[in-house]
Amino acid sequence: MGDWAKKAEDQEVSKLVDKLNLDSKSGEETDFDVADPAETSLLIKILGKGLVNTKLSLDIQQKNPNSPLHSVKTFEALHLKASLLKGIYAMGFNTPSKIQETALPTLLADPPQNMIAQSQSGTGKTAAFVLAMLSRVNVGLNHPQTPFRLRADRATRAGTLLDYPRVLCLSPTYELAIQTGEVAARMGQFCREIKLRFAVRGEEVDRSKKIEEHILIGTPGKLLDWGIKFRLFDMKKITVFVLDEADVMIATQGHHDQCIRIHKMLNPHCQMLFFSATYGKEVMDFARLIVADPTIIRLMREEESLENIKQYYVKCKNEEGKYNAIQNIYGCISVGQAIIFCHTRRTAAWLAAKMTSDGHSVAVLTGDLTVVQRLDVLDRFRSGLEKVLITTNILSRGIDIEQVTIVVNFDLPVDVDGKADCETYLHRIGRTGRFGKSGIAINLITDEKTMKVCSDIEKHFNKKIEVLNTDSADDIEKIGT
């Protein structure tokens with residue numbers, strides 16, 4: 001594990017940030033942004049300061065009645081190897097998070113159980129499946145008294161394959177694979193006998209030799225090359241297959257096809273572990289098709305409520321009227337930090353220029369920024385260097401900043417047909433009212449069409465959106481109390 005730990009440390013994501021180049025959207029002609037789940041997950045992991053303590057309940061479904069579910073409140077209850085337990089505590093984990101206490105007994109059960117799991121980003125999903133990966137490695141399968149290189153040479157001459165690797169972990173991007181590798185290196189830092197390897201761009205192999213490491217963590221294309229094209233390891237001998245960010249892997253056409261090819265080559269008794277922050281219906285249906293008799297752990301959707309958030313709408317004549325409404329709000333109440341959502345990059349840039357010229361400290365976050373630039377913007381905003389963050393849907397999901405007290409929908413979220421996008425609305429205004437605090441959401445309305453969108457959102461969530469007159473200082477002051 002020593003060499004791997006050093007390699008992961010050298011490539012630590014926090015040190016790699018200045019080398020990232022994920023500006024895939026910068027060449028697009030569209031002015032609209034869509035949140036990329038893989039990039040969002042990477043941002044959350046890099047920006048994260050400890051685990052998110054989720055209050056959402058988990059819905060657990062199990063098809064195997066012979067393996068009764070139970071949860072654990074301590075890591076000792078899992079009966080882990082001492083070296084692995086030492087690594088967990090060295091990472092700062094004292095007790096399992098909600099997803100960990102629910103998932104780990106099943107992940108580590110004997111015989112192995114398949115799982116499809118959903119939990120918010122930052123709740124400890126990666127640590128859960130990494131612990132399962134490290135626990136499943138049996139380093140005694142190859143005879144230790146025989147020098148490894150000699151065994152490799154004999155196996156190659158005989159045309160047979162070694163027993164390693166035993167674990168495959170697929171991530172949608174290079175950066176997320178490195179992030180998972182960091183977690184594995186830290187958790188397994190005292191398991192010196194376990195060897196891990198990155199299978200990502202820039203990593204080359206000697207095609208005359210077989211893969212000697214126990215665990216491979218990488219991207220689908222590279223693992224396809226190593227396992228199927230070059231036959232550097234036997235896919236049938238893989239005992240654990242982990243699909244990280246499963247929603248991205250399944251929903252993205254290229255990754256989808258590659259994952260299917262890898263899945264077809266695996267032994268039917270291989271333990272399948274799918275983890276993700278979200279699962280759309282089609283993605284979940286597909287996951288159920290290819291994962292046999294899984295235990296399914298999902299967030300209870302009905303608990304994704306708006307109880308802590310006061311919602312208002314403001315009638316405006318035009319874009320200038322929207323801007324005046326924002327100015328009036330800032331003039332009457334004390335705003336900690338605010339996020340303003342726009343439909344297009346063009347609108348975001350226009351609004352940022354106007355607010356800056358009027359003396360507001362403003363940051364802009366849109367899809368034409370690289371991940372490096374987005375991290376810089378978010379770090380500055382989270383540190384309070386800017387009080388207003390103007391963004392598109394690129395930030396509608398997952399990233400929580402405790403000081404945010406107001407979210408403004410400069411443009412209401414709509415789908416491609418111009419109808420209310422209620423899910424995006426929920427994620428947008430959910431950037432406030434976090435950590436048990438109250439928040440304020442303000443929707444700016446200019447015509448009957450946007451009023452209809454607002455009404456549809458109100459009906460969908462069955463929660464009143466009150467009218468706010470921003471020309472009245474008294475009315476504005478009331479929302480701040």
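Note that these values count all heavy atoms, side chains included, but never hydrogens, waters or copies made by symmetry. Owing to the predicted nature of the structure, the values given are computational and were not obtained by experimental measurement.
Closest of all the heavy-atom pairs between L107 and A128 is CD1-O, 3.7 Å. Pairing each heavy atom of F233 with each of L223, the nearest pair is CZ-O, 4.2 Å. Minimum interatomic distance between F381 and V404 (heavy atoms only, all atoms of both residues): CE2-CG2, 3.9 Å. Minimum heavy-atom separation, P220 to H255: CG-ND1, 3.9 Å. When all heavy atoms are compared, the tightest approach of A246 to S276 is N-CB, 3.7 Å. Of all non-hydrogen atoms in E101 and K98, the two that sit nearest each other are CG-O, 3.3 Å.
Heavy atoms of other residues, nucleotides or ligands lying less than 6.0 angstrom from CD of Q373 number more than 12. Counting heavy atoms of neighbouring residues, nucleotides and ligands inside a 6.0 Å radius, atom CG of D206 exceeds 12 of them. Applying the 6.0 Å contact sphere to CZ of R136 captures more than 12 heavy atoms from other residues, nucleotides or ligands.
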Check step by step if side chain to side chain donor-acceptor pair (under 3.5 Å) holds for Q179 and Y174. CA-CA 9 Å; Q179 177 71 26; Y174 167 90; over 6 Å; no

Check step by step if side-chain contact (heavy atoms from CB on, under 4.5 Å) holds for T392 and F341. CA-CA 5 Å; T392 55; F341 284 98; over 6 Å; no

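The pair E203-K222 does not count as a salt bridge, with every side-chain nitrogen at least 4.0 angstrom from each carboxylate oxygen. Under 4.0 Å is where a charged nitrogen must lie from a carboxylate oxygen, and between R382 and D379 at least one such pair does. Of the charged side-chain nitrogens involved, none lies within less than 4.0 Å of a carboxylate oxygen, so that K195 and E213 do not count as a salt-bridged pair.
Residues I429 and Q311 form a side-chain contact, since some pair of their non-hydrogen atoms from C-beta on lies under 4.5 Å apart. A heavy-atom distance below 4.5 Å is found between the side chains of L131 and L80. Residues R201 and T219 fail the side-chain proximity criterion, which asks for heavy atoms closer than 4.5 Å. Between V242 and F274 there is no side-chain heavy-atom pair separated by less than 4.5 Å. In this structure the side chain of K264 never reaches within 4.5 angstrom of the side chain of L266, judged on heavy atoms. For the pair I215/L134, a side-chain contact is recorded, criterion being any heavy-atom separation below 4.5 Å from C-beta on. The shortest distance between side-chain heavy atoms of W226 and R231 does not fall below 4.5 Å. Using a 4.5 Å heavy-atom cutoff, the side chains of I479 and I442 are in contact.
Distance alone, capped at 3.5 Å, is enough to place a donor-acceptor pair between the D33 side chain and the G367 backbone. Between the side chain of Q113 and the backbone N or O of P111, at least one donor-acceptor pair lies under 3.5 Å. Remark: side-chain polar atoms of N267 are not paired, donor with acceptor, to backbone N or O of K237 under 3.5 angstrom. For the pair R374 (side chain) and L365 (backbone), a donor-acceptor distance under 3.5 Å is absent. Between the side chain of E386 and the backbone N or O of A363 there is no donor-acceptor pair closer than 3.5 Å. T295 places no side-chain N or O within 3.5 Å of a backbone atom of M115 that could act as its donor or acceptor partner. Under the 3.5 Å distance criterion, the side-chain polar atoms of Q100 are matched with a main-chain donor or acceptor of G124.
In this structure, E193 CD and S83 OG are separated by 5.5 Å, a value rounded to the nearest 0.5 Å. Here the CD1 atom belonging to I217 is positioned 7.5 Å from the OG atom belonging to S171, to the nearest 0.5 angstrom. With rounding to the nearest 0.5 Å, the separation of CD in Q337 from CD1 in I339 is 8.5 Å. Taken from CD1 in I194 to OG in S135, the straight-line distance is 8.0 Å, to the nearest 0.5 Å. Taken from OG1 in T180 to CD in E175, the straight-line distance is 11.5 Å, to the nearest 0.5 Å. Annotation: the span from R380 atom CZ to S361 atom OG amounts to 7.5 Å, rounded to 0.5 Å.
Of the candidates N393, N443, D421, R428 forms a side-chain hydrogen bond (donor to acceptor under 3.5 Å, both in side chains) with just one, namely N393.
Aromatic ring orientation, F275 versus F129: tilted (interplanar angle from 30° to 60°). Between F286 and H256, the angle of the ring planes lies from 30° to 60°, which puts this pair in the tilted group.
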